[in-house]
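Working notes for the structure below.
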Amino acid sequence: MHGVHVSVGSLLSFALRSALCAEKMSSDRRRNLSSWGDTWLSPIGRSGLYEAGASLTQLTRIASTSSRLLRTLPMAVSTSRRGGGVLAAVVTAVAALAMLGRVAWGGNPGFTCGPASAQKGFAFCNAALPAEQRAADLVARLTTAEKVGQLGDQAPGVPRLGIPVYKWWSEALHGLAISGKGIHFGNGPARTATSFPQVIHTAAAFDDGLWFRIGQAIGKEGRAFYNLGQAEGLAMWSPNVNIFRDPRWGRGQETPGEDPATASKYGAAFVKGLQGSSLTNLQTSACCKHITAYDIEEWKGVSRYNFNAKVTPQDLADTYNPPFRSCVVDGKASCIMCAYTLINGVPACASSDLLTKTVRGEWKLDGYTASDCDAVAILHKSEHFTRTAEEAVAVALKAGLDINCGVYMQQNAASALQQGKMTEKDVDKALKNLFAIRMRLGHFDGDPRGNKLYGRLGAADVCTPVHKALALEAARRGVVLLKNDARLLPLRAPTVASAAVIGHNANDILALLGNYYGLPCETTTPFGGIQKYVKSAKFLPGCSSAACDVAATDQATALAKSSDYVFLVMGLSQKQEQEGLDRTSLLLPGKQQALITAVATASKRPVILILLTGGPVDITFAQTNPKIGAILWAGYPGQAGGQAIADVLFGEFNPSGKLPVTWYPEEFTKFTMTDMRMRPDPATGYPGRSYRFYKGKTVYKFGYGLSYSKFACRIVSGAGNSSSYGKAALAGLRAATTPEGDAVYRVDEIGDDRCERLRFPVMVEVQNHGPMDGKHTVLMFVRWSSTDGGRPVRQLIGFRNQHLKVGEKKKLKMEISPCEHLSRARVDGEKVIDRGSHFLMVEEDELEIRFQD
C-alpha cells in the first residue's frame, strides 16, 4: 500500500490532541493532558512505521466522533473533572490506529479449503497429510510474484487459490496487545482482553505452573478473537526471554529477569500454554524473541540498530542462549525471532550459525524464524553488513530467516532473484516453513469454528471470571515485600481511621499495564484498591508525572500530617524505561526521593512505600530511613494490580514474591552498558553481572523477598550415597583433564541415556512457624568448590511453591538432572560436569554431592 510513512505514535498523538482541542479548558491544562497522552501512547509508537492511507483530515474527523467511541473502552479516568474528554481522546487515538490499514472488526474468520471450496481436491487441503507435505504442495502452486509477496508480516491473499490475507504480527506478552497488526480491539463482540501483570512481575512468583496458565488463558482469548473475525492471524510474537543483564535496560520489564534457568522455565511453560495441547493443531503459534544477547535500546548514543555485542562462547552457552533452547526443545515453540544486534560482528538475522546450525540443526526447531521489525533493512542501512538491499535479503534468507517483519523483503526479493543473489529454492524453503505453521493452525482446514479443539471459543471465553481471577492471583503472587520494620504490615482495616494515598502511580491505570498491553477487562488502581479497605482514603498525585520535575511537597506533607496512615505509590513509567529507551540512572527520577522523605518526616507514623517499576531502582535512602516502615515492589501488576497491592497491605494475602533481578546501587552505572561480559574482571575492576557472577554491593539480592510468616527449610534427602554419587551410571566413562587442569565429564560424552540414569530426587522440608497461613517459595541453588574458570558463585537450578497453614510442615520434591543442573560451561562453551564436590543449597542448608567414576 502506497502512502506517507508516519510514526504510529505521532498519528495517535495527533488524534489525541485533536480531541483535546474540542475540550473547553485552559491552554495549560490542555498542554498537560496532551503530555499525559503522549506518555500513554508512547508504547504504541514502538509499532514502527505504517504506510498510512489516512489523511490528517480523516484523523480530525475521527476525533469528532470520540464521544460515540467511549462505549468501547471500559475504563474510567477519575483524576479530572474533564476525565470524560480525556477518555474520549484516548479512544480517539485507538480508533486512529484502527483506521491505518486495518479491516473491519468482527465478522467471519478467514480460512481456506472446506467442503464447498473450489480447492478441496488439492493436496494442501487434505488435512490427513502432514503439514510439511501440504505446505510443499501449496508453495509449488504459487507464482514467483506470489511467493515474494508472502515474505513480509502482512502477507497478501492469493484469490485464485482461495487464500486470504494473513497478518503474522500479533503481540501477547502479558495479554492480547494493541501493538502489532493481527489483533483488533474495538467494535466487535470482544472489546477487551485480560491484562495480566507485566512479565517481570509474574516472574517474581517463581511458578512455572502459573506461567503456563497465563499463557493458556492468553492463547484461548487469541483463538476466540480469531473465531470472532477480530484477528487476521494467530502468530503471537511472544514471549521475550532475553536475559535482563543490565538494570538500565528499558525492555527488562518484558523478561523473566536475569537468571537463565528462570527464563528457560518461563519460556517453555508460557509457550506450552499459548500453543495449546496439540503440536499438530496449534491454538496459537508462539515466538520466542529476540535471539540472542540483546539488551540495549538507546543508551548514550549506542543504538540497538547497529550495536555489535561482543559475547564470549562461555556466556553464550550458559547465559544468553539457554532460554531460547528451552523454548524450542522443552516448550516446542513454533517460532524464534532474531534480534537487531550483531553478535561478534555478524547480525543475528544474517547468522547461519545461529539460525540454521543452532536453532534448526541442534535444537530441531519445528517452525519458522522471523526477524524483528525492519531488521533485514537494517542489515544494509544501519549495520552496513551488505552493499545492497538485494544482498541483505539474500543473506538473511540463506542464513535461515523465513519472514521479515516489514516490507523490505517483499520490495527487494524479486530483484535479488533477478540479480542471481539467491534462487527460488531459497524462497521456497522459507515459505514451506511459513505455510506449515498455518496448516498446523488450521487455516487450511475450512471454517476454524469447526475445529474440534478450539472452534467453540468465542466472546464468552474472553475476560472470563476464571481469567480475571488468574490475573488477580498473578498480581498478588508477584508482589515482593522488601521491608517491614516492626511488623508494620499487614494493617487491620478497622484500625485505619484515615489514609493518604500519595503518588503519580497511585491512580493511573497505565501504571498498571507496562508496555505491549491491550485494552483490559477492568482495572483497579492502588488508590482504588486501598479505598475498598479504607473508605475515607484521600488521593494526591504529589508529582506531575514519574519524571517528577514538579512536586507538590507542601500539599503532600499537609495531607500526611492529617492522615492516620500514609501510602506512597511511586516509581517509574514508560517515559523512563521502554522499548527504544534505556535509563542512565538507577535513582528515582526528579524530586521523588525528596518528596518521599519529606512526607515520611511529616507523617504521624512510618509510611508505606509502594514501587511500580520494571527495572530495579536504588532506594538505599528508603532502606535506612526509620520513618519508612515498609516497602513493596509491584512491577507493573496488570488490570488487578491495585486490588492485589491492597490485599497484601491489609493481610488478605501473605506476600511470597521473590526478586527475579539483582537491585544494584547507583554506583553500578559507572560501568558501560555495552560490556556484555557476565564474568567479573578483577584486573580492571569490572564486577560482573547478575547474582551468578557479580562482586559488588547490592541494594537487594536476587531472590530476596519477605513474608508475614516465618518459614524454615531444610534438605532432608537426596542422591543416596552423596560421597560417591554416579559410580554406576558413569561406569566405563573416565574423567578427562582440561587444559586448565580440571577433571571433568563431558556432557556430550555422557550421552542422553546416562544423563537420564543420573537423575535423582531431592526432598526439601518446609514448615510455617506463623503467624499467618501463606505460600512459601523454595529456591534451590548449586555452588561449586571454587569460582575458577568462570564458575558461577551459585546457580539457581529449581524452585517450588507450597501453601502452608500455621504450624504445618510439608516435603517438596525437586528433580535434579546433573547433566543440566550440575554442569557448567567451559571458556569455549563446552558443557562439563566437574569430578568432585557440588553443593546443593536451600537457604542456609547445604547437601554435598560428589561425582566420581
Side-chain angles (χ1 to χ4, degrees), residues 43 171-177 179 192-218 221 238-241 244 251-257 262-263 266-267 269-270 273-274 463 466-481 505 508-526 528-529 569 571-574 577-578 610-616 632-649 653 655-661 705 775 777 801:
E171 300 284 355
L173 184 70
H174 55 107
L176 300 181
S179 308
T192 60
T194 310
S195 182
F196 295 96
Q198 181 61 289
V199 177
I200 194 69
H201 178 102
T202 308
F206 285 94
D207 186 343
D208 49 356
L210 176 67
W211 304 332
F212 170 82
R213 288 187 287 137
I214 291 172
Q216 187 179 52
I218 296 170
E221 295 194 355
S238 304
N240 181 341
V241 292
F244 196 169
R251 297 188 75 177
Q253 60 181 291
E254 301 174 28
T255 77
T262 307
Y266 180 90
F270 187 84
L274 200 62
C463 288
V466 171
H467 291 179
K468 291 177 184 179
L470 181 59
L472 176 59
E473 178 189 351
R476 285 170 158 181
R477 298 274 305 278
V479 173
V480 180
L481 180 62
N505 281 338
D508 182 0
I509 58 174
L510 296 171
L512 304 173
L513 304 182
N515 66 0
Y516 283 98
Y517 55 80
L519 303 184
C521 317
E522 57 194 19
T523 56
T524 303
T525 65
V569 190
L572 306 177
S573 77
Q574 301 306 301
E577 51 177 358
Q578 62 165 303
I610 301 154
L611 297 169
L612 301 188
T613 74
L632 271 70
W633 175 79
Y636 296 121
Q639 66 179 45
Q643 182 64 53
I645 290 168
D647 288 346
V648 170
L649 292 172
F653 187 82
S656 59
K658 306 286 186 183
L659 291 178
V661 288
K775 188 181 290 287
T777 301
N801 308 95

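It should be emphasised that the depicted structure is a prediction, and the values quoted were computed from it without experimental measurement.
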For side-chain contact (heavy atoms from CB on, under 4.5 Å), just list the numbers for L632 and V480, CA-CA rounded to whole Å, side-chain angles, deciding distance to a tenth of an Å, and then say yes or no. CA-CA 6 Å; L632 271 70; V480 180; over 6 Å; no
I need the [X] [atom1] to [Y] [atom2] distance, nearest 0.5 Å.
X	Y	atom1	atom2	answer
S238	L176	OG	CG	9.5 Å
Q578	S573	CD	OG	8.5 Å
F196	I214	CZ	CD1	6.0 Å
R477	K658	CZ	NZ	12.0 Å
L512	H201	CG	NE2	10.5 Å

What is the minimum heavy-atom distance between H174 and L513, and which atoms define it? CE1-O, 3.0 Å
Considering all heavy atoms of both residues, which atom of I645 and which atom of P526 are nearest to each other, and what is their separation? CD1-CG, 4.0 Å
Any ion pair linking R476 and E473 (charged N to carboxylate O, less than 4.0 Å)? no
Partners meeting side chain to side chain contact (heavy atoms under 4.5 Å, CB included) with P655 (sequence neighbours left out): L481, V648, Y708
Any heavy-atom pair between the side chains of L611 and V569 that's under 4.5 Å?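 They are not in contact (no side-chain heavy atoms under 4.5 Å apart), so the answer is no.
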Could you walk me through whether N240 and T255 satisfy the side chain to side chain donor-acceptor pair (under 3.5 Å) test, starting with their C-alpha distance in whole Å, then the side-chain angles of each, then the deciding distance to 0.1 Å, before giving a yes or no? CA-CA 6 Å; N240 181 341; T255 77; 6.0 Å; no
